[in-house]
Every structure is written in C-alpha cells, then in structure tokens.
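Accompanying notes for the structure given below.
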Amino acid sequence: MTTVAAKAAGTGAKPATMAQALTRAMRDAMAEDPTVHVMGEDVGTLGGVFRITDGLAKEFGEDRCTDTPLAEAGILGAAVGMAMYGLRPVVEMQFDAFAYPAFEQLLSHVAKMRNRTRGAMPLPITIRVPYGGGIGGVEHHCDSSEAYYVATPGLHVVTPATVEDAYGLLRASIASDDPVVFLEPKRLYWSKADWSPQAPAAVPGIGKALVRRTGTSATLITYGPSLPVCLEAAEAAREEGWDLEVVDLRSLVPFDEETVVASVRRTGRAVVVHEAAGFGGPGAEIAARVTERCFHHLEAPVLRVTGFDIPYPPPMLEKHHLPGVDRILDAVARLQWEN
Amino acid sequence: MTVQELPGAGASHRPTPPPAWRPRTDAAPLLPDAEPYRVLGTPAADRLDPALMRRCYAELVRGRRYNAQATALTKQGRLAVYPSTVGQEACEIAAAMVLEDQDWLFPSYRDTLAAVARGLDPVQALTLLRGDWHTGYDPREHRIAPLSTPLATQLPHAVGLAHAARLRGDEVVALAMVGDGGTSEGDFHEALNFAAVWQAPVVFLVQNNGFAISVPLAKQTAAPTLAHKAVGYGMPGRLVDGNDVAAMHEVLTEAVRRARAGGGPTLIEAVTYRMEAHTNADDATRYRGDAEVEAWKAHDPVDLLERELTSRGILDEAGIQEARDAAETMAAALREGMNADPVLDPMDLFAHVYAEQTDRLREQAALLRAELDAEGDA
C-alpha cells in the first residue's frame, strides 16, 4: 500500500482529502500569522456547510473565525475594511452563485484598491468560492463563475485540482499581498491522496501551471474539477493510439502562458477543457493565446470542450452538460484535422 | 507592514480585546426625536464654547470658499466635475472636527470638503475629480479612505476597519458619510446590520440634502425619517439640523464618544439642503423651484452661526475678516496648485495593478513604451 510505503519512507504521508488539506492550510496560516482572520456565513460553530473551516473557531476563537450575518456584500465589504487596517481576511462565499451579491464590492473595491491608491493600500484578501457542478446540487449551487473573475483586472484567480495543491495554493493565496479569488472545485473536496502537511511538496506560488501527464500527440489544457476527467480521458485515449499531455493551469490569473505554449509546441495539437460555458469562457482566451503564439506549430485548430452555453442545468440533467471523457475523446479525434 | 506599525494603532492597547460578537448593552434610546435637534437660536446656545465656535466659523467660511473655488475650477476646465457641498458645509466640517488623529473618515464622492477639513491638502483631495489619478493621497497617512463613487459601498469598509481596530485593542472610531440616496442601497443596510451585530465603533452620517441627483426624498423612502432606519438594526438614530454646526458638532461628538467607549454604532441623519446642482453637469431647475431654494437660503449654515456668534459678542467684524482672509489664502493656494499641469507617467497604468506585474502586463507595458518612444521620435 502507498500509505505503508510512505510511512516507511519517513514522510508521514497518509490519505487526506482536499477538504482536509484546505482546513489545514487555514489552520497553519492562522497559527503562523495572527492577522489571518476567517469569516463568513456558518464558518464558525458549524465549521462551514462543507466543513472546510471545521475546528478553526474552537482553536482560534470566534474573533479569528467569525460567523457573520448572512450578507455577502457585507462580508466582503467588512473584509475590505479589515484589510485596510492590516488584517488578512479569508472570506468564504459558501457557494459559487451566492457570491454574486458581493460582486460590486469585488469589482469596484477589492480589485481596484491597490490601483486607485497608487499601491498605498493593497488588500490581502482571500475569497474562497466553492464552485462547479457534479455533486447533484440544485439551482444556484453549481455555477462555474470563473469567467467573471478572470475578466476583472486586479484579482488573482486560482483553483487547485489536487490535495497538495489545495494546501499549497491556499497558503500562497493567504500570503499574497493582492486579493485572490480561490475557486474550490467542490466535487473534488472528498478526493484523496497520500499527503503530509509536514512535508508538503513544493507548490510554486500563484501563476504556475504544471504538466500532470506527459504525452506527444496533443495537449489537454484544463484546471480544477476537469483535471481528473482529462487524466481519465488521456488513459482511455491510449487505446486509440493517442499519447496525450495534460496541463493543469492551477492559476487562471496570472495565466502561465509559457508552460502551455511549450507543451503545445511539443505536441502540435491542443484542446482546452472546462465546465464553465464556452462562449466568453477562459478557454476562449487560452485558445486565442495558443493560436497567436503557436500558429506555425499547430497541426489543427485549438478546440474547446466546455459546459454548454446554458444556465446550469438541474441535477438530473447535469451529466449531459458537464464535459466528460467521451466528449473530450471526440474532440481529440477531431484533432486529426483532415479538412 | 504589521498592524502594530500602522499609524494610530497600538496607542492604547487593551489586554483583553472584546469579542467579535457582543449583545447591545448601551442604554441609549433607539428612536430619533420627532424634530431635528437644534442649538443655534435656542436656549441650548447659552452653553456654546466660544473658542470652539470661532473655530467652527473659520472652518465654515473656509469651506464655503473651497466650494466656490472648486466650482470655478470646473468652469475653467481644471476639474472634470465637482459635486458641491454649498449649504452642507456644517455637516462636512463637523464630521472632520469630531475625529481624533487615529480615527478614520470614510467619505463619499461629495465629501472632499470633509477630507480637506480633516487636514488633507486641497489639491490632493481634488485629483480624483481633476482626473490625474483616482486617489491623490495615501489613505493610511491621513486615515481618510478613498472617496467612494459607488454609493454606500464604503460603509461596510468603515465597519470592517472599526471592527479590526477593536479586535486589536485600538480605540479607533470610523465615521462613514453617505447621502439620502445612498440609504436605499443594499450596502447601506448590510453595513448597518454588521455594525450593530458586532457593536462596532462606527458613526454613520447621512446627509439628507433633499435629492439624489433629481429624485426627492419622498420618492426615495417611505420611512418617517432616515434616522428611523437605525431602529430596525438596533442602534440609536439621531435627527439633527445639518445646517446648525453647533448641533452637528454636539450630536457627532456624542456618537463618537459612545462608539469609542464601546457603546456601539449610531446613525445620524443631518437634515440639510444642496444649494447647487448635483454637479456642474446637472440642471437643478428641472426638478425643483426657486421658492424652495430661496427658503433654504434663509437657513444658511454660515449665516446661522455668524448671526448667533455676533449677537452674543463671540465674533466681531475683525474675527469675520480674519476668517475670510484665511479662506482667501486657501483659495489662492488651491488655484495655484490646480493651475499647474500635473506631470503624469503613462507607465503608471501598469504599476499598481498587482504587487508583482504579470507577464501579460509586462507585455502590454512594453507595447505602450514602444508607442511612447515612437511618439518621442516623431
């Protein structure tokens, strides 16, 4: 067993979920830095509806992990004032679509405060947003809202897809002197890996993509909840004779263009995969940049496999909406591009 | 920068900071009075502090002159726009005067005068409206948040800052200003609710100047007064004559004192009137008549105080002239400062988006650099 082997190797690694890694990241940040404050609806006594803040109020007190009134603009707006006074608020938005009332604060103040004060007043706020579908959630609980965030200059936007990245990226986000929208793929909350918080593998700061699987035939460019789907598709594609490379963006803003471009120049073909709607989605931007920089290396147009351009569907229909292995393999087949 | 290094922080550290949530214990009644509170022209004026009132008078005269000069600058094209506070100077001046150095002011876009009265350089206060940069000063240095153009969105910031200060054991009060129109915004309600639940040391000052651009108060709210809104959140509401600087000073001082002492937030509605249009771009004759404006002229904040103080022998001709001379000096300096063309560096466009520039911004900065160099060569 991996666990036994890891213990034998002395790393202390044991199975952990993404949820546990996120909790641990906040706990360690709060222990190290007394200015880190967690706040939001239900984050205290309950530990969050997904239990991501479990135990923080007990360990650090309700002043450091605070149940707020139910008002997202108020939560984020108060966090702005707290950050203005030198604290590092970590705000939970509970569900993707619940964050929308806070958008004026986010767009008009959070994203702009550093800029409008010529750097005098940066806002080190981390905004945790559980996002995406695949959990059978009803309306307003499954939006992939990353396009709104990435279209707003002044925000960093990151999203982990693995247990160790969940820890590393959240630590990096809390340590960042700029506001970070931290998108948590909620259907991966219970994904497990052998992991040790004592010896977290080096997760580079915000803005670095990672090649999760090397290959030669084409590159799948993805992030967050679609990473496991792409890795599964890459395995399945071997039967078709395709050796796929999979790039996990991890950070949407900044976008690690170099890693993506280097991969596509190696493989000559690319498919961008995400759950968010395709029109105006992050994939459109990525496909455009890849085309601009890899035109002479490309053997086929850059394709996108995304959620449909529809409001998020009811749970009994979501399987038809979410990009799955078959839809990705169909796109890969189209990369043969014989006009 | 740590919290302890912040200006105003740490001066009076408490061994045990109060908890994030506390029930309201302050005995102050919640309901506002039926009529706006007044001091000038009432028996309450007998207890006026002459030195304080002379200072208020000098500030009012300076504030009136500031408004006139800024309006003139719009006509000269030096300011893109100026939302005047002529008629509202007593609110602006009193708001600035009641705060101590470590306290914070959260102004709306109309409150440049309050920022200037707090000590901000008049030219720095106007850069947003001139158009060279959004905020022309360091908010931390002056404890003045950036002028907020979105309505009421700065109110939750005031709550968060005051809450954070209290958690750190600092006796800091945040005073947040908003107009009558702003009281309809969601952020106004969320801020008041947070402040009351957290018992945060915040004072909300609503300047009810009669109109939100063109929409009169009667179309803005069905509440008896805006001060009544406090009751639903569990904080005292105070109704005060916004043109009576003595009343404004007294009510604001009491609210700041209560906040500092841990008594929680207060909502103050100052009933005043905007004598000029919303901004120089607005035509106020479309929505209000001359008779109304004339009636308010008889209740001018500068004249009210001048009459009271001269009749009591607190102010004489020499004192009036002294205040006017000081105002002229300020106006001349403002003219001079605003007539100098600001030197702008276009590369600043990319300097303050993130702590560390992204590759994308570096690429775009290089594009602009090349364009500027080409212009220079041409």
Side-chain angles (χ1 to χ4, degrees), chain A residues 34-35 37 39 44 61-87 89 101 104-105 107-109 111-122 124 153-156 176-179 205-207 253-258 289, chain B residues 1-6 9 17-21 104 106 128 133-141 145-146 148-150 153-165 167-168 170 172 174 185-187 189-191 193-195 197-198 200 348 351-356 358-361:
Chain A
T35 67
H37 283 242
M39 57 196 284
E62 288 185 31
D63 287 346
R64 300 277 310 278
C65 180
T66 307
D67 276 332
T68 64
L70 203 175
E72 287 77 11
I75 294 168
L76 188 53
V80 170
M82 291 165 73
M84 287 171 82
Y85 202 74
L87 301 185
E104 182 174 18
Q105 284 294 340
L107 275 47
S108 293
H109 292 295
K112 293 179 178 172
M113 191 66 85
R114 170 187 287 279
N115 186 254
R116 62 207 283 239
T117 61
R118 283 187 194 261
M121 189 159 268
L155 302 176
H156 289 305
S176 168
D177 285 332
D178 285 318
I206 293 167
V253 179
F255 165 47
D256 182 358
E257 213 169 288
E258 299 312 317
R289 291 299 282 176
Chain B
M1 182 183 281
T2 70
V3 172
Q4 278 71 22
E5 289 161 0
L6 284 174
W21 175 84
W104 275 74
F106 286 79
L128 165 74
W133 203 266
H134 308 306
T135 303
Y137 56 91
D138 180 344
R140 279 206 176 97
E141 183 188 343
S148 183
T149 306
T153 51
Q154 81 280 21
L155 305 187
H157 305 174
V159 177
L161 183 134
H163 176 65
L167 288 176
R168 304 299 299 192
D170 299 334
V172 171
E185 293 280 3
D187 283 57
H189 301 278
E190 299 193 17
N193 190 48
F194 270 65
V197 169
W198 284 350
D348 269 3
H352 308 296
V353 184
Y354 298 103
E356 199 178 322
T358 60
D359 290 344
R360 199 62 184 270
L361 287 179

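Both backbone and side-chain heavy atoms feed into the values below; hydrogens, waters and symmetry mates do not. Below, chain A is the first sequence line, B the second, and so on; all start at residue 1.
Legend: residues meeting salt bridge (charged side-chain N to carboxylate O under 4.0 Å, His left out) with B/Asp348, ordered by chain and number and at least two apart, are A/Arg118. A/His37 is linked by a ring-ring contact (aromatic ring centres under 6.0 Å, His included) to nothing, counting only residues two or more places apart in sequence or in another chain.
Between the side chains of A/Gln105 and B/His157, at least one donor-acceptor pair of N or O atoms lies under 3.5 Å. Remark: the A/His109 side chain and the B/Thr153 side chain contain an N/O donor-acceptor pair separated by less than 3.5 Å.
When each of B/Ala200, B/Ala195, B/Pro150, B/Ala145 is scored by its heavy-atom pairs under 4.5 Å with chain A, the top score falls to B/Pro150. Ranked by heavy-atom pairs under 4.5 Å with chain B, the first of A/Pro179, A/Gly154, A/Gly207 is A/Gly154. Put simply, of A/Pro69, A/Pro122, A/Pro153, the one with the most heavy-atom pairs under 4.5 Å next to chain B is A/Pro69. Of the listed residues (A/Arg116, A/Met121, A/Lys112), the one with the most heavy-atom contacts under 4.5 Å to chain B is A/Arg116. Options A/Arg114, A/Met82, A/Arg64, A/Glu104 differ in how many heavy-atom pairs under 4.5 Å they form with chain B, and the most are formed by A/Arg114. Of the listed residues A/Ala83, A/Ala71, A/Gly61, the one with more heavy-atom pairs under 4.5 angstrom with chain B than any other is A/Ala71. For chain B, the option among A/Gly74, A/Pro101, A/Ser176 with the highest count of heavy-atom pairs below 4.5 Å is A/Gly74.
In this structure, the side chains of B/His163 and B/Phe194 stay at 4.5 Å or more apart for every pair of heavy atoms. With a 4.5 Å cut-off on side-chain heavy atoms, B/Pro146 and B/His134 do not count as touching. For the pair A/Phe255 and B/Thr358, the minimum side-chain heavy-atom distance is 4.5 Å or more.
The parts of A/Thr117 that come within reach of chain B are both its backbone and its side chain, each placing non-hydrogen atoms under 4.5 angstrom from that chain. Contact annotation for B/Val353: both backbone and side-chain heavy atoms come within less than 4.5 Å of a heavy atom of chain A. For B/Ala174, no part lies under 4.5 angstrom from a heavy atom of chain A. There is no contact between A/Leu76 and chain B, counting heavy-atom distances below 4.5 Å. For B/Asp187, the part lying near chain A is the side chain, with the backbone staying farther off; criterion is any non-hydrogen pair under 4.5 Å. With a 4.5 angstrom heavy-atom cutoff, A/Arg289 touches chain B only via side-chain atoms. Contacts between B/Ala355 and chain A at a heavy-atom distance below 4.5 Å involve backbone atoms as well as side-chain atoms. Neither the backbone nor the side chain of B/Ala158 comes within less than 4.5 Å of any heavy atom in chain A. Looking at A/Ala79, neither its backbone nor its side chain comes within 4.5 Å of chain B, counting heavy atoms on both sides.
Using bins of under 30°, 30° to 60° and over 60° for the plane-to-plane angle, the ring pair B/Trp133/B/His352 lands in the perpendicular bin.
Across all their heavy atoms, B/His189 and B/Glu185 have their closest contact at CD2-O, 3.0 Å.
For the atom pair A/Ser108 OG and B/Gln154 CD, the distance stands at 11.5 Å (nearest 0.5 Å).
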